[in-house]
Amino acid sequence: MSDDKKLTPRAEDFSAWYNEVVQRAELADHSPVRGSMVIRPWGYGIWENMQRALDDMFKETGHENAYFPLLIPMSFIEREKEHVAGFKPELAVVTHAGGKELEEPLVVRPTSETIIYSMYAKWVQSYRDLPILLNQWANVMRWELRTRLFLRTAEFLWQEGHTAHATDEEAQEETLRMLGVYRRFMEEFIAMPVVTGLKSDAEKFAGAVRTYTCEAMMQDRRALQAGTSHHLGQNFSKQFGLTFQSEEGTEEYAWNTSWGVSTRLVGGLVMTHGDDAGIVVPPRLAPVQVVIVPIFRKDEERVAVVEKAHALKAAFAERGVRVRVDDRDHLNPGAKYYEWERKGVPFRLEIGPRDLAKEQVVLVRRVTPEGEDRKVFIPESEAIERMPALLEVFQGELLERARARREAHSHRGVNSFEELKEILEGPGGFVYTGWSGDPAVEERVKAETKATLRCIPDEDFRSEVTPTRCIGGGQATMEVMWARAY
RNA sequence: CGGGGUGUGGCGCAGUCCGGUAGCGCGCCUGCUUUGGGAGCAGGAGGUCCCGGGUUCGAAUCCCGGCGCCCCGACCA
């Protein structure tokens, strides 16, 4: 940073911009342990709002919360062979406790399938005990080599849903239901449009039969895997003896699903909406939706203006608007403006002696739409009445803006490998092509372009003209989407 | 783990080549004046110069060894 007050512009160095924003908006900080982070109140406030919204959606779809322990016997992880192969390199293992070496090492959970399904096996006897629809909010640990705040840390917070069903069809339905919940949450709350679809075998979760994903496009046009929903088939139920007696009296293995989103979503929010002034928090997730900055010269002005600010706060609060009055007196107004812009508060309301006299306020939106005035003077009563609606309009515009940007950088109808490579090495973005399903083609694209097959898009995201030619040559059997990813 | 860089008040850095009083900007504290887009002035606090060893009258600086962190390449929410 040449000027230590300004952020590195996104266009100059996107990743430096990201790091600075996270630090200077006080979202998170590095902890003394390499790769793990401290989530600061502003970042945690955003996460709490995400949790609340998601938790409500999980409850609406019939799920309950529970909690399973942090430590898992090593032998459990090793039970499902693809699962262990997927996680082995990134496990943190406890070998000593109570001053002695443990007989069996304990793994700090990288995810909880094994411990959860082993418990389900104890609880389920009959088809009448199914389905089990549980979720847990927890921390997990994966010993990553390259870490970045929120996007990839050794320890992160997430939720993991784990369900057990009597039939394959029911599990499949659940897998897709939760994928839909995620999509809706990301669009309606984070205002982050996603492409949903199926992962290829090479990219799916270790231990799953099928993995569905939500892929979002960041402002540097790279993809972010924002959430996944897995159909686990009977892989875990077979390893942990999760069986039930069917209506017909036969013994059957249950069908499982698991699905999760993490604090990575905070990173996604930053990279979706942030600008060169800082982050932009969508109103529905903002810990503070309106910040009131009182302006005054003399002491008597100060008293009157601050009093008015608190009265306004109360009026907003009555309408369910989250407000903070910034009455710190060692900072001048300009300094406060910059700070709250950096933190992404959707609306700022300035109130000074001149406004007091006219019973008006100055309203400033965090993002000013093209052709509109940055500051608007409106009557106090109108600001109070209209704020809930203004917040919703802003929320909607963020989604539309992000969607437009994604569409502008989505490339469809790409037929040749050369064209694919050219796009990925040039403008970047999401590239849609045909694919035969041959893993060798996937491997080649990855090796030569650094892009991966993000997903086989769901119907909503497929091109109007279905590709017939595979990007690796020959006949296509499906359409796929490629991108460089986080 | 392989390649490159870096370690000096809270943060960002200069000083290291050529050994000799540890400095600058920001931040912090106190006071006064300020406050409608990052305030000004005055005074002040704050350092095992990453660690260990060596050379020297004397080491942030030179030599040897270690450690940490950052960036780039193979796995990942």
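Letters A, B, ... mirror the listed sequences (proteins, then strands); counts begin at 1.
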J.: Base, sugar-phosphate, or nothing for A/Glu215, non-hydrogen atoms under 4.0 angstrom?
T.: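 A/Glu215: no heavy atom of the nucleic acid under 4.0 Å.
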J.: Taking CG from A/Asp329 and P from B/G31, how many angstroms apart are they, rounded to a whole number?
T.: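 Between P of B/G31 and CG of A/Asp329: 12 Å.
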J.: Expected output is a numbered-order residue list: members of residues 273-298 of chain A with a heavy atom under 4.0 Å from any atom of RNA chain B. What is it?
T.: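 A/Ile295, A/Phe296, A/Arg297 - these, ordered by number, are the residues of the stretch whose heavy atoms sit under 4.0 Å from the strand.
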J.: Under 4.0 Å, heavy atom to any atom of RNA chain B: which of residues 366-380 of chain A qualify?
T.: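 Nucleic-acid contacts, sorted: A/Arg374, A/Lys375.
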J.: May I ask you to say what A/Gln225 touches in the nucleic acid, namely base, sugar-phosphate or nothing, with a heavy-atom cut-off under 4.0 Å?
T.: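 It contacts sugar-phosphate atoms only.
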J.: Collect all protein-nucleotide pairs involving nucleotides 68-72 of chain B in which both atoms are nitrogen or oxygen and the distance is under 3.5 Å.
T.:
from	atom 1	to	atom 2	distance (Å)
B/C70	OP2	A/Arg34	NH1	3.4
B/C72	OP2	A/Arg146	NH2	2.7

J.: If you measure from the ring centre of A/Phe156 to the centre of the six-membered ring in the base of B/A77, is it under 5.5 Å, with the planes under 30° apart?
T.: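 By the stated criterion, A/Phe156 and B/A77 stack.
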J.: Using the P atom on both, measure B/G37 against B/G73 and round to a whole Å.
T.: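 Result for the P pair: 44 Å, nearest Å.
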J.: Atom CG of A/Asp29 and atom C1' of B/C11: how far apart are they, to the nearest Å?
T.: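 That distance rounds to 11 Å.
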J.: Both A/Arg342 and A/Leu151 contact RNA chain B. Which one's nearest nucleotide lies toward the 5' end?
T.: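 The answer here is A/Arg342.
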J.: Select base, sugar-phosphate, or nothing to describe what A/Thr213 touches, counting heavy atoms under 4.0 Å on all strands.
T.: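 Nothing: the residue A/Thr213, judged by heavy atoms under 4.0 Å, touches no strand.
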J.: Any base atoms under 4.0 Å from A/Val261, or only sugar-phosphate, or nothing? Heavy atoms, all strands.
T.: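 The answer is nothing, as A/Val261 stays clear of every strand by at least 4.0 Å.
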J.: Which donor-acceptor pairs under 3.5 Å do side chains of residues 368-376 of chain A form with protein atoms, sequence neighbours excluded?
T.:
from	atom 1	to	atom 2	distance (Å)
A/Arg374	NH2	A/Glu341	OE2	2.9
A/Lys375	NZ	A/Glu350	OE1	3.2
A/Lys375	NZ	A/Glu350	OE2	3.1

J.: Under 3.5 Å, is there a donor-acceptor pair between the A/Thr257 and A/Thr175 side chains?
T.: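 No, A/Thr175 and A/Thr257 have no side-chain donor paired with an acceptor closer than 3.5 Å.
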J.: Which residues within residues 348-361 of chain A lie with some heavy atom under 4.0 Å of an atom in RNA chain B?
T.: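 Close to the strand are A/Arg348, A/Glu350, A/Gly352, A/Pro353, A/Arg354, A/Asp355.
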J.: When you compare B/C70 with B/U35, how far apart are their P atoms, in angstrom units rounded to a whole number?
T.: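 Pairwise P distance, B/C70 against B/U35, rounds to 44 Å.
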J.: For A/Ser229, which residues count as a side chain to side chain donor-acceptor pair (under 3.5 Å) partner, sequence neighbours excluded?
T.: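 Per chain and number, A/Ser229 pairs via side chain to side chain donor-acceptor pair (under 3.5 Å) with no residue.
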J.: Give me the ring orientation class for A/Phe236 and A/Tyr117: parallel if the planes are under 30° apart, tilted from 30 to 60°, perpendicular past 60°.
T.: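 Ring orientation, 0 to 90° scale: tilted.
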